[in-house]
Protein chains: 2
Amino acid sequence: MPTPARTSTDAIVAAGRAILDADGLEALTMSRVAAAVGVRAPSLYKRVRGRSELVRLIANDVAIELAHTLDAAATAKDPAAGLRAIAVAFRAWALAHPEAYHLLFDRLPDDARVDPQVNARSADALLRTAAELAGERHALDAARTVVAWANGFLNMELAGAFRLGGDVDEAFDFGVERLTRAIREESPFGP
Amino acid sequence: MPTPARTSTDAIVAAGRAILDADGLEALTMSRVAAAVGVRAPSLYKRVRGRSELVRLIANDVAIELAHTLDAAATAKDPAAGLRAIAVAFRAWALAHPEAYHLLFDRLPDDARVDPQVNARSADALLRTAAELAGERHALDAARTVVAWANGFLNMELAGAFRLGGDVDEAFDFGVERLTRAIREESPFGP
DNA sequence: ACCTGAACACCGTTCAAGT
DNA sequence: ACCTGAACACCGTTCAAGT
């Protein structure tokens with residue numbers, strides 16, 4: 001005899017994201033998610049294949065949220081100002097959502113990884129700006145340099161790895177400024 | 001009645017490192033380590049406080065190994081060549097020991113993290129070279145920029161995150177070259 | 001058609017009992 | 001003094017039984 005559904009995939013993903021933000025990935029257990037949506041753990045398997053798929057669905061939402069955040073920041077006409085705005089927005093987002101940030105950039109089992117096309121969307125605004133700064137020929141290398149720096153910086157900042165003193169905000173500004181000039185060099189528009 | 005020890009902390013750490021390199025951190029279970037040294041899992045608790053401490057001991061060894069690798073690479077007289085050599089050695093080491101790399105740079109529970117002074121030793125060669133290139137005033141910011149870039153790059157390369165085509169080796173060379181010039185700018189020795 | 005308790009195979013960890 | 005089986009509290013996951 002059919003019984004009405006008491007939850008939904010959307011509700012499960014939303015509950016999972018809330019648990020992630022509040023207490024981190026390791027606190028994201030099937031039974032805790034189930035409790036949050038008002039069922040028992042085994043019932044979740046009617047909506048998701050397993051914990052890995054749930055993690056992947058959450059990561060997809062997070063990637064889309066980040067893409068929107070970066071798109072919204074990339075409104076400057078000047079590409080140097082645009083790059084700075086993207087970098088600043090990225091850092092602000094990462095510091096505000098550290099667990100979500102790690103979900104995107106830490107290593108995860110293959111079946112928990114974000115869909116490639118969703119991931120590509122996050123990189124879009126940056127790729128366009130890098131192309132403007134570095135020229136088409138070096139756009140990809142330039143974007144990779146900036147993305148690598150930004151990811152490494154936030155990973156270290158969130159891990160508390162900057163332990164040798166100094167001002168972390170200043171180190172970030174230094175990096176943005178120097179990288180902007182570095183990828184601009186040798187562009188078709190001159191130094 | 002006293003019985004002779006059948007294993008040692010060193011043997012446990014070495015076995016743990018071997019399992020880590022072979023199959024990754026999640027395969028590093030207490031029972032697997034115990035089997036590798038010829039005892040049962042509960043016996044490990046005579047030598048280490050728990051899995052977290054074992055992970056930390058392994059991470060310390062890994063950090064020291066990396067520090068030696070980077071020190072050995074930093075022999076060039078020219079600081080630009082030195083920076084390139086350090087970066088290349090770092091990448092080669094990370095690609096050869098991906099699990100060890102992640103153990104050092106991924107987020108871990110506090111009680112599993114490398115001792116701060118051991119961690120600082122890894123950064124030493126780079127800090128000296130950065131000081132030569134960027135000048136004392138910007139040495140720390142410059143080192144942070146380079147370390148962030150290198151960590152981010154390897155994290156992405158190991159995660160298979162460079163999926164938009166192009167040559168990854170070339171992107172690495174591009175990054176090294178541009179970063180070297182970027183942190184050198186405005187040094188007391190001129191451009 | 002959905003939900004559940006019970007069960008299974010794993011973890012890390014503790015501890016009384018063996019030697 | 002060290003080692004062990006048994007036990008405990010957790011995981012994720014499966015499945016027969018309930019409604």
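Every chain is numbered from 1, with letters handed out A, B, ... down the list of sequences.
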Checklist entry - Base, backbone or nothing for each nucleotide of nucleotides 2-12 of chain C, written B, S, -, heavy atoms under 4.0 angstrom, 5' to 3'? => result BSBBB----SS

Main chain of [Y], side chain of [X]: is a donor-acceptor contact present, judged purely on distance under 3.5 Å?
| X | Y | result |
| --- | --- | --- |
| A:Asp78 | A:Ala80 | yes |
| B:Asp106 | A:Asp106 | no |
| B:Arg113 | A:Ala159 | yes |
| A:Asn60 | A:Asp115 | yes |

Checklist entry - Taking atom CZ of A:Arg137 as the centre, does the number of heavy atoms from other residues, nucleotides or ligands within less than 6.0 Å exceed 12? => result no

Checklist entry - Would you say B:Arg49 has more than 12 foreign heavy atoms packed within less than 6.0 Å of its CZ? => result no

Next on the checklist: Below 30° counts as parallel, above 60° as perpendicular, anything between as tilted: where do the rings of A:Trp93 and A:Phe90 land?
Outcome noted: parallel

Checklist entry - Can you say whether the rings of A:Phe172 and A:Phe153 are parallel (under 30°), tilted (30 to 60°) or perpendicular (over 60°)? => result perpendicular

Item to check | Any B:Glu170 side-chain heavy atom under 4.5 Å of A:Arg144 side chain | outcome: no

Next on the checklist: I need the single residue from B:Arg91, B:Arg84, B:Arg178 that forms a salt bridge (Lys or Arg N to Asp or Glu O under 4.0 Å) with B:Asp173. Which is it?
Outcome noted: B:Arg84

Checklist outcome for this item: Here the residues of residues 11-22 of chain B within 4.0 Å heavy-atom distance, strictly under, of DNA chain D are none

Checklist outcome for this item: Note on DNA chain C: ranges paired as stems (three or more Watson-Crick/G-U pairs in a row, both atom distances under 3.5 Å) are C:4-8 with D:12-16, C:12-16 with D:4-8

